[in-house]
Amino acid sequence: MKNGKLQVAVIGCGGIANQKHLPALAGQSDKCDIVAFCDIIIERAEKAAKEYGTPDALVCEDYHDVLKVEDIDVVHVCTPNVAHCPITCDAFEAGKHVMCEKPMAHNTESAKKMMDAWKKSGKKFTIGYQNRFRPDTITLHRACEEGALGEIYFAKAEAIRRRAVPTWGVFPDKSKQGGGPLIDIGTHSLDLTLWMMDNYEPVSVTGSVFEKLGHLPEAVEGNLFGPWDPETYEVEDSAMGFIKMKNGATIFLEAAWAINMKESREAATTLCGTKAGAEIIGGMSQESTYDLVFNKTDYGQLTTETISEGGSVAFFEGSGSGEPKDLECEQWLNCILNDTDPVVRPEQAFVVTQILDAIYESARTGKEVILDK
């Protein structure tokens, strides 16, 4: 720390850094300074440093130059998925705390390396699942913690876009991302669902991965982000997974950037419990985030309860309302300063990656994947 503030470096100064990490960190100027910016396209790092950095901020292309700076306390890894593992492991070896963007890694092998490096380092580690900080998910998690749904034995993790294939960056590049909508947006829905269930013991996974629309020129019509190039589209356009947990609970995961389905649901979940059920209707696909519905039986009748816009609750002591990215950043810095656990714990994020990887493996082999116990 320097002048009572955490010294933060951002590695990868593309879309997610500029849309989420950098403005959120800038909003915590009482807790941190952003002192280093790294990107393989140096102009992006220079632009970010000019807008968000300290006057003497380091700007570089090689992340190793960042890790050599002893004064840097915290590293945010905002790179394509396949780079998460080497950068995170090297950052831990250099004695830095790490926030890594979702998913933890593009496969289980890399995620295990990250977990080992973290445990050896003694530093703080979290993954960027900001959807845990929305008003609807905060409220639903509280209800689950208090047992309002009873035993949750079936759930759906939903990440469906009718036509919203990202057409920028490296999203369609399998060699850099490891996959398409399953690893990109399915990861958010699965994280929320496991968190609500407080169940991180999967035993088997069966999956299907579809490459049906990505290569069809006519399918690009109506895409939210403009037409994608079918010739360079390398990843799936949709994927489905069936997950069985150790206690018998079952989760169905569906993810798509492009699918002929009317309703869009992103970072959404449906939970079925012995006392009640709950459903986040659209999640990020809705203009309002207050689309949480509880269903149960009262006075001999089937009832449905919705949450009004005044129904959100404070997520942690000292917080009020705020954007998910800002609440995520605040609690992350506080967990370092106060030596507490982050909301998104590494062992939880590891299970998400393990399941996603198993869905891809099952689709590739045509077999059920039995996970290590």
Side-chain angles (χ1 to χ4, degrees), residues 8-28 32 34-54 57-67 72 74-91 96 98-106 110 114 126-131 161 164-188 223-226 228-229 232-235 257 266-267 284 323-326 328-329 332 349 353:
V8 181
V10 175
I11 299 176
C13 298
I16 196 65
N18 283 278
Q19 294 169 19
K20 173 185 167 184
H21 292 260
L22 289 169
L25 287 165
Q28 300 295 321
C32 72
I34 314 175
V35 298
F37 300 79
C38 178
D39 198 284
I40 58 174
I41 300 174
I42 194 65
E43 292 79 11
R44 292 198 301 210
E46 291 171 343
K47 181 178 182 296
K50 185 176 180 180
E51 186 171 354
Y52 295 103
T54 56
L58 170 67
V59 176
C60 62
E61 295 176 88
D62 186 342
Y63 76 86
H64 294 96
D65 293 337
V66 172
L67 302 183
I72 290 175
V74 186
V75 169
H76 282 221
V77 180
C78 305
T79 64
N81 297 339
V82 296
H84 288 182
C85 177
I87 296 174
T88 296
C89 291
D90 287 348
K96 316 301 184 186
V98 178
M99 169 179 269
C100 179
E101 248 310 311
K102 61 78 188 171
M104 177 180 282
H106 69 292
S110 294
M114 295 165 75
T126 195
I127 304 298
Y129 285 116
Q130 74 276 1
N131 283 288
R161 297 177 182 173
V165 175
T167 53
W168 64 92
V170 298
F171 283 101
D173 188 336
K174 189 172 183 178
S175 68
K176 292 183 173 64
Q177 290 292 89
L182 179 62
I183 201 169
D184 177 44
I185 57 176
T187 190
H188 278 301
N223 190 53
L224 178 64
F225 305 116
W228 68 87
D229 184 355
T232 60
Y233 191 91
E234 300 177 354
V235 296
W257 283 341
E266 186 170 344
M284 289 173 61
E323 291 293 321
K325 70 177 188 299
D326 299 319
E328 176 189 52
C329 185
W332 162 237
T353 290

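Index from 1, following the sequence. Because only heavy atoms are used, hydrogens play no part in the values below, and waters and symmetry mates are left out as well, while side chains stay in.
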Spacing of Q130 atom CD and K325 atom NZ [to the nearest 0.5 Å]: 9.5 Å
Once rounded to the nearest 0.5 Å, what's the spacing between atom CG of D62 and atom CD1 of I40? 11.5 Å
Atom of I185, atom of R161 and distance for their closest heavy-atom approach: CG2-NH2, 3.5 Å
Report yes or no: does N223 contribute a side-chain atom to a donor-acceptor pair with the main-chain N or O of G226 at less than 3.5 Å? yes
Minimum heavy-atom distance P166-P172, with the two atoms named: O-CG, 4.2 Å
Minimum heavy-atom distance C78-G12, with the two atoms named: CB-O, 3.4 Å
Starting at CG of D184, measure out to CD of Q177 and round the result to the nearest 0.5 Å. 7.0 Å
Under 3.5 Å donor-acceptor, H84 side chain and P103 backbone: yes
Less than 4.5 Å apart, side chain to side chain, heavy atoms only: is that true for V10 and L25? yes
Neighbour count above 12 (heavy atom, 6.0 Å) for I16 CD1: yes
Rounding to 0.5 Å, atoms OG1 (T167) and CH2 (W257) come to a distance of 10.5 Å
Report yes or no: does D39 contribute a side-chain atom to a donor-acceptor pair with the main-chain N or O of C13 at less than 3.5 Å? yes
Take C89 and M114, measure what side chain to side chain contact (heavy atoms under 4.5 Å, CB included) needs, and give me the verdict at the end. CA-CA 6 Å; C89 291; M114 295 165 75; 4.1 Å; yes
Is there a side-chain contact between D65 and C38 in this structure, where contact means two heavy atoms from C-beta onward sitting under 4.5 Å apart? no
Given the rule in the side chain to side chain contact (heavy atoms under 4.5 Å, CB included) test, do T79 and Y63 qualify, once you have shown the distances and angles that lead to the verdict? CA-CA 11 Å; T79 64; Y63 76 86; over 6 Å; no
Partner residues of T187 under the side chain to side chain donor-acceptor pair (under 3.5 Å) criterion, sequence neighbours left out: Y129
On a heavy-atom basis, which atom in A17 and which in P23 lie closest, and how many Å separate them? O-CD, 3.7 Å
For F171, check ring-ring contact (aromatic ring centres under 6.0 Å, His included) against everything at least two apart and list the hits. W168
Main-chain N/O of H188 paired to K102 side chain as donor or acceptor, under 3.5 Å: no
Between the side chains of E101 and H21, does any donor sit under 3.5 Å from an acceptor? yes
Can you sort out the partners of D173 under side-chain contact (heavy atoms from CB on, under 4.5 Å), two or more places apart, ordered by chain and number? V170, S175, K176, E234
Grab the two heavy atoms, one from A26 and one from I34, that are nearest each other, plus how far apart they are. N-CD1, 4.1 Å
With rounding to the nearest 0.5 angstrom, report the CH2 to NE2 distance, W332 to H76. 6.5 Å
Distance, nearest 0.5 Å, that separates CG of L67 from CD1 of I87: 8.5 Å
Kindly indicate, with the supporting measurements, whether the criterion side chain to side chain contact (heavy atoms under 4.5 Å, CB included) is fulfilled by E46 and E43. CA-CA 5 Å; E46 291 171 343; E43 292 79 11; 4.3 Å; yes
Given side chain to side chain contact (heavy atoms under 4.5 Å, CB included), test L22 with E51 step by step and report yes or no. CA-CA 9 Å; L22 289 169; E51 186 171 354; over 6 Å; no
At their closest point, which heavy atom of F225 faces which heavy atom of A164, and how far apart are they? CE1-O, 3.7 Å
